[in-house]
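Step one of this worksheet: look at the structure below.
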Amino acid sequence: MRMSQYFLPTLKENPAEAQIVSHRLMLRAGLVRQTSAGIYAWLPLGFRVLKNIERIVREEQDAAGAQEVLMPTIQSADLWRESGRYDAYGPEMLRIKDRHDRDMLFGPTNEEMITVIFRDGVKSYRDLPKNLYHIQWKFRDEVRPRFGVMRGREFLMKDNYSFDIDRAGAIRSYNNMFVAYLRTFARMGLKAIPMRADTGPIGGDLSHEFIILAETGESAVFCHKGLIDKDILGRTIDYSGDLQPIVNEWTSLYAATDEMHDKDAFEKIPEGERLAARGIEVGHIFNFGTRYSKPMNAVVAGPGGEQITIEMGSYGIGVSRLVGGIIEASHDAAGIVWPESVAPFRVAIVNLKPDDGAVMGACVKLYDALQAKAVTVLHDDRDLRPGAKFADMDLIGTPWQIIVGPKGLAAGKVELKNRKTGTREELPIDQLAQRFG
RNA sequence: CGGGGCGUAGCGCAGUCUGGUAGCGCGUCUGCCUUGGGCGCAGAAGGUCGUCGGUUCGAAUCCGGCCGCCCCGACCA
């Protein structure tokens with residue numbers, strides 16, 4: 001993409017409404033614009049990041065055996081009357097009426113809908129287990145939206161639902177998602193820690209929140225320091241096997257959110273190993289047994305012909321929230337520092353002198369070579385002073401910057417800068433493309 | 001939902017107390033100049049001062065209603 005053609009409205013100054021760093025940077029770097037309280041439009045650069053996050057989530061869900069569906073945003077109130085949650089949910093639910101005066105709502109979550117879809121389509125224990133997910137916009141009419149996309153009213157969430165014949169199966173499904181979540185967040189460059197959590201209004205008896213540590217986090221969290229650097233990506237995962245040992249490895253160390261905090265247990269950890277911090281919830285998994293299947297009569301025939309109520313779980317990842325969460329976890333004074341896996345562009349070419357034919361020619365050649373290797377690249381061909389370009393590029397945080405100017409080019413060299421470490425190296429221009437791909 | 005604050009140019013703000021020609025910085029546009037970390041000079045465009053009503057010869061400014069946004073708390077992916 002040529003930056004001179006790109007819709008990328010960056011801001012030099014911090015907008016007054018933005019308090020926390022991720023919100024400020026998302027506005028300044030031209031990722032989003034607010035359209036009303038807690039509701040955001042995604043601009044080209046931000047949308048690319050959102051799509052990258054979505055892609056990682058999707059790949060890991062698919063790898064763990066979940067199947068993608070897409071359910072609507074607008075739901076009928078009748079669904080929620082069946083589970084008893086229509087009255088219980090409260091003013092967070094955006095209730096609307098259609099032209100025939102029917103009660104509808106903008107879905108805050110999809111347990112009821114998926115239960116009905118599943119119940120109507122599956123009648124035998126032979127069809128279990130199943131795990132269905134979708135990535136869809138949700139609306140929760142928060143009393144006080146804040147922190148940009150981290151606590152918006154409209155947000156993109158991956159939610160999925162598992163269906164099993166018995167508790168043992170349900171726990172296998174739970175463990176699959178537990179491990180899939182560890183991998184998902186790790187791939188985004190995040191250190192997400194699963195913590196024992198309250199099940200809240202969704203109900204159930206087994207639940208973990210996946211928390212990333214950040215000073216601006218909304219909740220106080222407590223855990224064993226050993227959890228921070230545990231690695232999941234270096235292992236081969238067999239989702240058809242028994243994942244309980246891996247889950248145990250993580251859950252054997254203390255980690256709990258404020259509501260579930262057990263002070264005595266925490267203080268048994270040697271003092272140097274304790275970590276009391278603040279965190280941002282980026283995922284939440286629940287096993288809730290028959291909380292929905294029972295009232296909604298989701299049953300299958302068992303081997304002996306008996307009716308068995310399905311065991312369920314639900315699992316959520318705040319996709320749009322993650323954009324803010326990743327920035328909270330990865331930024332510096334100059335701007336965003338994107339992990340490569342989610343960066344809107346992996347490489348930026350900083351063309352220091354676009355009106356110099358040789359410099360422009362070298363940039364275009366580099367651009368084409370990188371594109372040919374399927375490397376996403378943004379070419380700053382704007383007619384601006386170098387300082388402004390460097391500042392913009394650091395602000396939007398592309399992981400690699402290739403700086404091409406007349407001085408270096410005269411010696412056949414360009415500079416490669418790493419956004420995260422700040423290290424720069426001079427490289428012969430014809431060797432550059434092979435560094436990527 | 002309790003408490004607090006704010007709404008003036010694209011962004012950040014002053015002006016409001018004490019009513020009298022709509023201001024500053026950044027950004028934008030034009031020209032010159034400059035070009036390895038947000039250059040310099042000159043010129044220009046851009047605002048029914050959130051909105052509706054009231055007071056007044058006259059309202060961004062005083063009074064009232066409404067709308068919007070932000071912050072703290074309680075609540076939440």
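Lettering of chains follows the sequences in order, A, B, ..., and the numbering in each one begins at 1. FYI, side chains are in, hydrogens and waters are out, and symmetry mates aren't considered; it's all heavy atoms of this structure.
- In summary, the aromatic rings of A/Phe288 and A/Tyr174 are positioned with their centroids too far apart to meet the 6.0 Å limit.
- Distances shorter than 4.0 Å separate some side-chain N or O of A/Arg385 from OP1 or OP2 on B/C39.
- Rounded to whole angstrom, the span from the CG atom of A/Asp392 across to the C1' atom of B/G37 amounts to 12 Å.
- Side-chain atoms of A/Asp164 and A/Ser173 include a donor-acceptor pair closer than 3.5 Å.
- Pairing for B/U61 is absent, with no Watson-Crick or G-U wobble pair whose two atom distances lie under 3.5 Å.
- For the C1' atom pair drawn from B/C26 and B/G46, the interatomic distance equals 14 Å after rounding to whole Å.
- In terms of phosphate contacts, A/Lys12 brings a side-chain nitrogen or oxygen within less than 4.0 Å of OP1 or OP2 of B/G27.
- Pairing for B/G25 goes to B/C11, judged as Watson-Crick or G-U wobble with the two contacts each under 3.5 Å.
- Each of A/Tyr367, A/Phe345, A/Trp400 was compared with A/Phe436 under the ring-ring contact (aromatic ring centres under 6.0 Å, His included) criterion, and only A/Trp400 meets it.
- One atom, CG of A/Leu25, and another, P of B/C11, lie 18 Å apart when rounded to the nearest Å.
- One atom, CD1 of A/Ile396, and another, P of B/G38, lie 18 Å apart when rounded to the nearest Å.
- For the P atoms, the distance from B/C13 to B/C6 is 12 Å, rounded to whole Å.
- For A/Arg144 and B/C71, the shortest distance from a side-chain N or O to OP1 or OP2 is below 4.0 Å.
- Note: CD (A/Glu142) to P (B/C1) measures 15 Å, nearest angstrom.
- Nucleotides B/U21 and B/G5 place their C1' atoms 32 Å apart, quoted to the nearest Å.
- Contact annotation for A/Arg153: no contact, since no heavy-atom pair falls under 4.0 Å across all strands.
- Base pairing annotation: B/C69 forms a Watson-Crick or G-U wobble pair with B/G5, both donor-acceptor distances under 3.5 Å.
- Here the nucleotide nearest the side chain of A/Val143, chosen from B/G38, B/G36, B/A74, is B/A74.
- Contact between the side-chain N/O atoms of A/Gln34 and the OP1/OP2 oxygens of B/C70 is found at a separation under 4.0 Å.
- In this structure, A/Leu384 places its CG atom 9 Å from C1' of B/G38, rounding to the nearest Å.
- Nucleic acid contact class of A/Glu13 (heavy atoms, under 4.0 Å, all strands): base.
- Comparing the same atom, C1', in B/G73 and in B/G65 gives a spacing of 28 Å after rounding to whole Å.
- Base engagement by A/Glu415 is indicated by at least one non-hydrogen atom pair under 4.0 Å involving a base atom.
- Residue A/Lys138 contributes atom NZ, which lies 19 Å from atom P of B/C76 at whole-angstrom precision.
- Distances were taken from every side-chain heavy atom of A/Arg424 (C-beta onward) to each of B/C71, B/U35, B/G37; the shortest belongs to B/G37.
- For the pair A/Ile280 CD1 and B/C76 C1', the computed distance is 14 Å after rounding to whole Å.
- B/C66 and B/G23 are spaced 34 Å apart, taking the P atom of each and rounding to whole Å.
- When the P atom is compared between B/G50 and B/U35, the two are found 45 Å apart, to the nearest whole Å.
- One P atom belongs to B/A60, the other to B/U8, and the distance between them is 15 Å to the nearest Å.
- Here B/G38 is the nucleotide among B/G36, B/C11, B/G38 with the atom lying nearest to any side-chain atom of A/Ala388.
- For the pair A/Arg119 and A/Tyr292, the cation-pi criterion (under 6.0 Å, within 45° of the ring axis) is not fulfilled.
- Within the 4.5 Å cutoff, the side chain of A/Ser320 has heavy atoms near those of the A/Trp42 side chain.
- Only the C1' atoms considered, B/C39 is 10 Å distant from B/C33, to the nearest whole Å.
- Counting only heavy atoms from C-beta outward, the side chains of A/His134 and A/Asp159 approach each other to under 4.5 Å.
- Closest to the A/Phe390 side chain, of the nucleotides B/G12, B/C70, B/G37, is B/G37.
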